[in-house]
Amino acid sequence: ILNVEQSPQSLHVQEGDSTNFTCSFPSSNFYALHWYRWETAKSPEALFVMTLNGDEKKKGRISATLNTKEGYSYLYIKGSQPEDSATYLCAFYNTDKLIFGTGTRLQVFP
Amino acid sequence: GAGVSQSPRYKVAKRGQDVALRCDPISGHVSLFWYQQALGQGPEFLTYFQNEAQLDKSGLPSDRFFAERPEGSVSTLKIQRTQQEDSAVYLCASSLGTGSYEQYFGPGTRLTVT
């Protein structure tokens, strides 16, 4: 059974704080790892698709790293803003379908 | 351009009723996926189409769940004789096709079975 785990489950931070979350996934038969940002009542928004060991990707204040040999990825948010409040999901690509973690729910207080 | 759309956005059904959930993928996307997200869980794979062919339905939880995509575009997920445990958000995603890792999601349909 392929298992994707995310931690922490939830996080409350003050505006301006930097934060990071972890996603762990199977290290064998790796093709791609996805990060999505999901706000309530909206579509999950793709942040990053990561395919290569050692990949580092950045989008504004958000960045992600990937270690396929040990099976983990980190997502970092620098200087959190209230609009960053959302659930952050990681997903392991396996034979066309995505296997998701349970997500990290981030709340940023002004 | 238009993204993936789903309807209805919210559905309340009484236990035992049949429901039909619709997904309009991005135009030209060959692959279409359905996922189910129960409260407190991550989305879980239900089924996958490539054009009109249903290639994988291993995630459908019971024979009360049925999906179709007859013309290779719009898809419908049907749940017969709904049960309380069917209450969840049903997400649809589409992608360009085999070899494309990116999946684009709709906003989901929140189904509540009372």
Side-chain angles (χ1 to χ4, degrees), chain A residues 1-10 21-26 29-53 55 57 59 64 66 68 73 75 86-106, chain B residues 1-11 23-26 29-51 53-60 67 88-110:
Chain A
I1 295 176
L2 297 172
N3 202 31
V4 176
E5 295 185 355
Q6 291 188 246
S7 63
Q9 208 167 7
S10 66
F21 329 131
T22 305
C23 173
S24 62
F25 53 86
N29 297 319
F30 179 85
Y31 291 96
L33 187 88
H34 297 238
W35 281 99
Y36 285 91
R37 178 174 176 276
W38 193 8
E39 288 182 74
T40 304
K42 294 187 178 179
S43 303
E45 172 199 355
L47 290 174
F48 305 111
V49 180
M50 308 182 79
T51 56
L52 297 175
N53 185 41
D55 241 359
K57 295 211 171 182
K59 189 176 182 178
L66 179 69
T68 61
S73 175
L75 188 81
T87 296
Y88 291 81
L89 291 164
C90 74
F92 177 77
Y93 180 90
N94 177 258
T95 54
D96 292 316
K97 57 182 172 273
L98 296 177
I99 299 172
F100 283 88
T102 53
T104 293
R105 186 179 177 89
L106 174 68
Chain B
V4 178
S5 61
Q6 292 186 245
S7 60
R9 292 292 311 276
Y10 303 92
K11 176 73 180 175
C23 172
D24 281 83
I26 294 172
H29 277 196
V30 167
S31 300
L32 186 145
F33 305 83
W34 285 98
Y35 294 86
Q36 178 193 56
Q37 194 230 4
L39 193 63
Q41 304 295 315
E44 292 191 358
F45 171 80
L46 294 177
T47 187
Y48 155 53
F49 291 85
Q50 190 164 306
N51 294 306
Q54 189 173 19
L55 297 189
D56 187 344
K57 53 182 181 179
S58 62
L60 295 176
V89 175
Y90 290 85
L91 288 166
C92 174
S94 69
S95 78
L96 282 168
T98 303
S100 172
Y101 297 132
E102 297 192 15
Q103 294 186 17
Y104 299 85
F105 281 84
T109 294
R110 180 177 292 279

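Per chain, numbering begins at 1; letters A, B, ... match sequence-line order.
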Do you know the tightest heavy-atom contact between A:Ser43 and B:Pro107?
OG-N, 3.1 Å
Pick one of side chain, backbone, both or neither for A:Leu98, based on which atoms fall under 4.5 Å of a heavy atom in chain B.
both
Under a 4.5 Å heavy-atom cut-off, does chain A meet the side chain of B:Gln37, its backbone, both or neither?
side chain
Mind telling me whether A:Tyr31 and B:Tyr101 have parallel, tilted or perpendicular rings, with 30° and 60° as the class edges?
tilted
Mind listing the closest non-hydrogen atom pair of B:Gly106 and A:Pro44 along with its distance?
O-CD, 3.5 Å
Would you mind checking which part of A:Ala91 comes under 4.5 Å of any heavy atom in chain B, side chain (CB onward), backbone (N, CA, C, O), both or neither?
neither
Are there over 12 heavy-atom neighbours, none belonging to B:Lys57, within less than 6.0 Å of that residue's NZ?
no
Scored by heavy-atom pairs under 4.5 Å with chain A, the best of B:Tyr35, B:Phe33, B:Tyr10 is B:Tyr35
Is A:Trp38 close to B:Phe105 at the side-chain level, that is, under 4.5 Å between some pair of heavy atoms?
no
Side chain, backbone, both or neither of B:Leu91 within contact of chain A (heavy atoms, under 4.5 Å):
side chain
Residue part contacting chain B, namely of A:Thr51, when any heavy atom lies under 4.5 Å:
side chain
Other residues, nucleotides and ligands only: do more than 12 of their heavy atoms fall within 6.0 Å of CD on A:Gln9?
no
If one checks every heavy atom of B:Arg110 against chain A at 4.5 Å, the contacting part turns out to be neither
Would you find a donor on one side and an acceptor on the other, under 3.5 Å apart, between the side chain of B:Gln103 and the backbone of A:Asp96?
yes
Is it true that the NZ or CZ of A:Lys97 lies under 6.0 Å from the centre of B:Tyr48's six-membered ring and within 45 degrees of the ring axis?
no
When the 4.5 angstrom heavy-atom criterion is applied to A:Lys42 and chain B, the contacting part is backbone
